[in-house]
Amino acid sequence: MNNKERVIKVQSVAGLNGEESLNKYYRVADLICDLKHYCDQFKIDFNKEIEMAEIYYKTENEVDND
């Protein structure tokens, strides 16, 4: 999967089109906030997930830009 496909995946799953609904998000901040609640509920270290996401992001950008 390339970065453009990742963007399409996130947009199709999360919405992020300026309309809030039960299953779509208005902004990225709303999604991140709810992900943090999710992590709290299931005792997942949110900050560790953010650290991992940064590593994945960097790697994916390097691969996609080659």
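Count residues from 1 along the sequence.
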Please name the pair of heavy atoms, one in N3 and one in R6, separated by the smallest distance, quoted to 0.1 Å. OD1-NH1, 2.8 Å

Would a single hydrophobic cluster contain both V10 and Y25, if residues Ile, Leu, Val, Met, Phe, Trp and Tyr are joined by side-chain heavy-atom contacts under 4.5 Å? yes

Take atom CZ of F46 as the centre, draw a 6.0 Å sphere, and report whether it contains more than 12 heavy atoms from other residues, nucleotides or ligands. yes

Going by atom types only, do Y57 and N61 share a side-chain donor-acceptor pair under 3.5 Å? yes

Establish whether I50 and L31 are linked, either directly or via other cluster members, by ILVMFWY side-chain heavy-atom contacts under 4.5 Å. yes

Nearest 0.5 Å, what's the CG-CG distance between D40 and D45? 10.0 Å

Between CD1 on residue I44 and CG on residue L35, distance to nearest 0.5 Å: 9.5 Å

I need the K58 NZ to E60 CD distance, nearest 0.5 Å. 13.5 Å

Could you tell me which non-hydrogen atom of V28 sits nearest to which non-hydrogen atom of L16, and how far apart they are? N-CD2, 3.6 Å

Do any N or O atoms from the side chain of K24 and from the backbone of S12 form a donor-acceptor pair under 3.5 angstrom? yes

Around K36, counting heavy atoms of other residues, nucleotides and ligands shown, do more than 12 lie under 6.0 Å from its NZ? no

Heavy-atom donor-acceptor pair, E5 side chain to N2 backbone, under 3.5 Å: yes

